[in-house]
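Working notes, beginning with the structure itself.
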Amino acid sequence: MISKEEKFPIAKRYNVADVQVSRDATAVKPVVVVNLIKKAKNPVLITGGSLLREEKLVEIAVKFYEKGIPVIATGGSSKPLIEKGVKPLFKTYTLHQITQFLLDEDFKPNGKSFDVVLFLGFLPYYLSRMLSALKHFSSITTIAIDEFYHPHAKFSFTNLTKDKEMHYAMLEEILSRI
Amino acid sequence: MLMKKGIFVDELRNVVIKIGEIAEEEEEWESPGPTPKPGIIELRKWDHKLLERYEPFYAPMQDFCNLCTMGPCDLSFNKKGACGIDLRTAKARLVTIACCIGASAHTAHARHLVDHLIEEFGEDLPINLGGDVNVEAPLIRTVVGIKPKTLGDLRKALEWAEKEIVKVLHSVHIGNEENFVDYESKAMHVSMADHVGMEVADIAQIVAFGFPKAKPDTDLVPTGFGIVDTKKPVICVVGHNVMYSRPIIDYLERSGRIDEFEVAGLCCTAHDMTRYRSKAKIFGPISYQLRVIRAGLPDVVVSDEQCIRADLVDACSKMGIPLIATSDAAVRGLTDVSDWKAEDIVEALVSGKLKGVFLPVPEKVGEVAPKVAEEIFKRNKDRKYKFFASDDELKAEIAKCTQCMSCVFTCPHNLRIDIGMAQAQKTGDLSKLAILEEQCLACGKCEQSCPKQIKIVNVIMRSNFEKLYAKTGKTRVGRGPIQDTEIRKVGQPIVFGQIPGVIAAVGCINFPDEMKSIVEILEEFLKRKYIVVTSGCHAMDIGMIKDEEGKTLYEKYPGNFDAGCIVNVGSCVSNAHIAGAAIKIANIFAMRPLRGNYAEIADYILNRVGAVGFSWGPYSHKAASIATGFNRLGVPVVVGPHGTKYRRAYIGKPWKNDKWWVYDIKSGKKTFIEPAPDSLLVAVETKEEAIVQLARLCIRPNDTSMGRQIKLTHYIELSKKYMGDLPDDWHIYVRSEADLPLKMREELLKVLEEQHGWKIDWDKKKIVEGPLRGYDAGFNPTVVEEVFAKYRR
Ligand code: SF4
Ligand code: SF4
Ligand code: SF4
């Protein structure tokens, strides 16, 4: 459990030059993410290509799915997830396409629009652009739970690049509470 | 009279001659189409049609604008700035600016070349691209509406392109466009001009310099970091305009000393040097600049223009390498020595009085570069410099690292330099640093941020030195255009779909993965008998990566424009031949007239030609205009993840059925169709995703049953292999049971019935109900009203 304040690293942007004038993401602890998910009407987890290289992320995504959160798999992440029994809502479209779809209020693949979207397992510079699109052009609550702090998300984990174990522990903490 | 009035008004003094020319042109080839020499407005309707389907998507890098003195303005959440522009439109404007830069680069390059070549060879030098190429300039014919016969004629195409670039650039001034779609239309317009500029440049250099003319089996040239014989003086040329460095070869040949020197290049000038003489070699793409220079490999560097580092004088002088800058696009603060005597220039460079010179006189470059190289070489005894003088020096450099991670947060790939350094400090094991070399762009940003001033690039390169040095393969020399005869052979199978697609891998080097990933992606398609075309940095990366038997793709697959072959067209400007091949399919196979007939041709390509552009590492502005030019021509483009930083994509929404329709010329009806292709510009994150997207975007509404069956077979197989299951959308592309992959027919019919609620007649194994539309062999799709009216008559 990550509870002690001093253990929580500072929120340093994934790229120091990615500076904006508007809202920067609120750096959040697992418990806040838990509350956001609990309050969500229709949350979804989108997974990216890092799942092909980082088995732990597959394990985490599977657990989210098992907790009833639907999964959209991009970047080929569907393959390890399907092998572990996940039935993703989508596996063919790229995050780029999915983001374009999310910007459209008519996009209701499970009957409702998504109001809270969690992102796991992406190249930071790629995810950052998509978070920027969603920030400026939609009212979706975006939550980045990758190892880099994402300024364009509405809520983001802080910077955990130095400490992978802490990142995994934080993900597990969310899962233990939802 | 079909030529536009403006042409006569603009050029009244030449009115008699112009009329003469027009009459002559009309007699000789086709009657003019609706849009010769189009301005911004003429093709706007076509663009809007495309963009209604393929909705622009914006991913801002910045949420502010500071383009004028009213700014900076906060445009976040689509607010408006002081001039009234909103964020979306401001981003569309920015993309338009990027495309203007790209178009200007190629067009100015073409202008330099054409003017210089006319001086050298005269304006009557005929355009002869060999016996197999009669449609010599498909883009110029289609866009400008002329059929160029001589170098002088190319000037007319250039004049048109230059005029349009200026007009579009005008539109990005504050206070102009209000609508982002109209900016996108302008981006498409200027990118079409870019394609014309590229075609002019490449045709001019092919005919004047005697480059290969559509020859499939050009020579193989050594490619990679370790290709030069370090016992010889090394002349390194870098950039995109071979005009300045070509005389080096001439000089060495004239003096009978070509074998005593190594002439090797970086980036597209390297391609074009090898097209001139296959004695020249290719060091590698733009990301090899610092690798090659910091290794001290060259004895002289000759730079020209575009995509070259802006710190070459600095980088070269630190290694004691003199620099000769040649293009007025990059003078670099150097002394202009155009009217100095050659000996004086050599003396100034060799003595070190000048770190570099600006010498825009090609013939003098030809003489000076070898002489300087020879003198510097005499000093450079130990050529295996290996980035550090000794292992101890390397160790001391690594010891300075404090794992502060500043480098990680500036690196475009967030490479974990800190971890590599820590491992090396603790155990002396360099492997975690070595692995970074495979992905490092040698951009040098990390060094700028390192508080300990560690030469990080050198550390990485040295750590992987043996492997880097062993990266030596072969590139098949750029062949230029595609033959008319090849098009005659493959036109029908491409349009009907039996050749499942054409994958055009073009662009720069910021791959999200190791360099070998480009080969892994393309080989998947070569094995499946797609046509693969390539150019520029992608083409030389392919030439560097060998399989277990030491062979590159060029040695394993033939160089024809045919199924299962890989064609290297050449440098950036040779990309025009890829667009040209698509146009030639419409013209040679389908007999569609080209002259000033852009929308009809693009519409033909969109609906029928299963070609997809692929830029795994899109970096430059030129890549933006090349891609956008392909998009206007109806060719979708897949980019690597860095491509999202162009900020704009064109992505359709496949579930919106009312967006996907065509007029069927045969039935005379508006018909709803499957969304094929469903994106015009889209990024992928991984090689697995790239492969699947490329396969799916090759599907076209016009595929025959056989063609659709083949395309679906590959799409489904690749999706199962890389995504772990059937694609989400495969059923949308099924019009009848004949479209289903043979081997999977039963299995798929079952899925259609159970998961999609389709009605199947199991006795006949036929689909009774379900598809969006049925298959009709005479289906003749268009989205252009004028084309519909023309062929319905
Ligand atoms: S161009 Fe418009 S948005 Fe940009 S700084 Fe000027 S006024 Fe502001
Ligand atoms: S030189 Fe290599 S490691 Fe350094 S910032 Fe550039 S890509 Fe990253
Ligand atoms: S910035 Fe320099 S000191 Fe800091 S981790 Fe990187 S290499 Fe080490």
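Quick note on labels: first sequence line is chain A, next is B, and so on, each numbered from 1.
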Heavy-atom pair of closest approach, residues A:I82 and B:M723: CD1-O, 3.5 Å

Proximity breakdown for B:Q693 and chain A, heavy-atom pairs closer than 4.5 Å: side chain

Heavy-atom pairs under 4.5 Å with chain B, option from A:D18, A:T161, A:N15, A:T74 with the top count: A:T161

Check step by step if salt bridge (charged side-chain N to carboxylate O under 4.0 Å, His left out) holds for B:K656 and A:D104. CA-CA 11 Å; B:K656 296 208 157 174; A:D104 192 316; 2.6 Å; yes

With no hydrogens and no angle check, is any side-chain donor or acceptor of B:E685 less than 3.5 Å from a backbone partner on A:G49? yes

Does B:D63 use its side chain to pair, donor to acceptor, with the backbone of A:S22 at less than 3.5 Å? yes

Check each atom of B:E688 against the heavy atoms of chain A and say whether the ones under 4.5 Å are side chain, backbone, both or neither. side chain

Row check, B:F409 ring normal vs A:K12 NZ/CZ: under 6.0 Å, within 45°: yes

CZ/A:R13 to OG1/B:T410 distance, rounded to the nearest 0.5 angstrom? 14.5 Å

Among residues 51-67 of chain A, residues within the sub-4.5 Å heavy-atom range of chain B, in order of number, are A:L52, A:R53

Return the option, out of B:K653, B:K79, B:K91, with the maximum number of heavy-atom pairs under 4.5 Å with chain A. B:K653

When the 4.5 angstrom heavy-atom criterion is applied to B:R647 and chain A, the contacting part is neither

Could you tell me which of B:R696, B:E55, B:K720 has the largest number of non-hydrogen atom pairs under 4.5 Å with chain A? B:R696

B:F77 CZ to A:S139 OG distance, which is reported to the nearest 0.5 Å: 11.5 Å

Atom NZ of residue position A:K87 - does it have more than 12 heavy atoms of other residues, nucleotides or ligands inside 6.0 Å? no

CD/B:Q403: more than 12 non-hydrogen atoms of other groups inside 6.0 Å: yes

Part of B:I691 lying under 4.5 Å from any heavy atom of chain A: neither

Could you tell me if the side chain of B:F64 sits less than 4.5 Å from the side chain of A:V19, heavy atoms only? no

Could you name the residues of residues 127-137 of chain A that have a heavy atom within less than 4.5 Å of a heavy atom in chain B? A:R129, A:M130, A:S132, A:A133, A:K135, A:H136, A:F137

Looking at every non-hydrogen atom in both residues, tell me the closest pair between A:T94 and B:V682 and how far apart they are. OG1-CG2, 3.6 Å

For B:Y646, is it the side chain, the backbone, both or neither that has a heavy atom under 4.5 Å from a heavy atom of chain A? neither

Whether A:Q20 side chain and B:M61 backbone form a donor-acceptor pair below 3.5 Å: yes

Given that the side chain runs from C-beta out, which part of B:T644 has a heavy atom under 4.5 Å from chain A: side chain, backbone, both or neither? both

Please report the interatomic distance NE2(A:H96) to OG(B:S679), rounded to the nearest 0.5 Å. 9.0 Å

Any side-chain heavy-atom pair from A:Q97 and B:F57 closer than 4.5 angstrom? no

Contact summary for A:F90 and B:D728, nearest pair of heavy atoms: CA-OD2, 3.3 Å

With a 4.5 angstrom heavy-atom cut-off, is it the side chain or the backbone of B:P412 that approaches chain A, or both, or neither? backbone

Please check if the side chain of A:S78 supplies one atom and the backbone of B:G724 the other of a donor-acceptor pair under 3.5 Å. no

Using a cut-off of under 4.5 Å for heavy-atom pairs, which of A:L95, A:L89, A:L81, A:T99 has the most such pairs with chain B? A:T99

Within a 6.0 Å radius of atom NZ on B:K516, are there more than 12 heavy atoms belonging to other residues, nucleotides or ligands? no

What part of A:Y93 gets closer than 4.5 Å to chain B, counting heavy atoms only: side chain, backbone, both or neither? both

Output yes when a side-chain donor or acceptor of A:K79 lies under 3.5 Å from a complementary backbone atom of B:K721, and no otherwise. yes

Test the B:K645-A:Y125 pair against the cation-pi criterion, namely NZ or CZ under 6.0 angstrom from the six-membered ring centroid and within 45° of the ring axis. yes

With only heavy atoms counted, which part of B:Y722 is less than 4.5 Å from chain A, the side chain, the backbone, both or neither? backbone

What distance separates A:K164 NZ from B:I419 CD1, expressed to the nearest 0.5 Å? 7.5 Å

Shortest non-hydrogen contact from B:P641 to A:L123? CG-CD1, 3.6 Å

Which atom of B:N414 lies closest to which atom of A:Y14, heavy atoms considered: ND2-O, 2.9 Å

Taking OH in A:Y126 as the centre, count heavy atoms belonging to other residues, nucleotides or ligands within less than 6.0 Å. Is the count above 12? yes

In terms of heavy-atom proximity below 4.5 Å to chain B, should A:N159 be classed as side chain, backbone, both, or neither? side chain

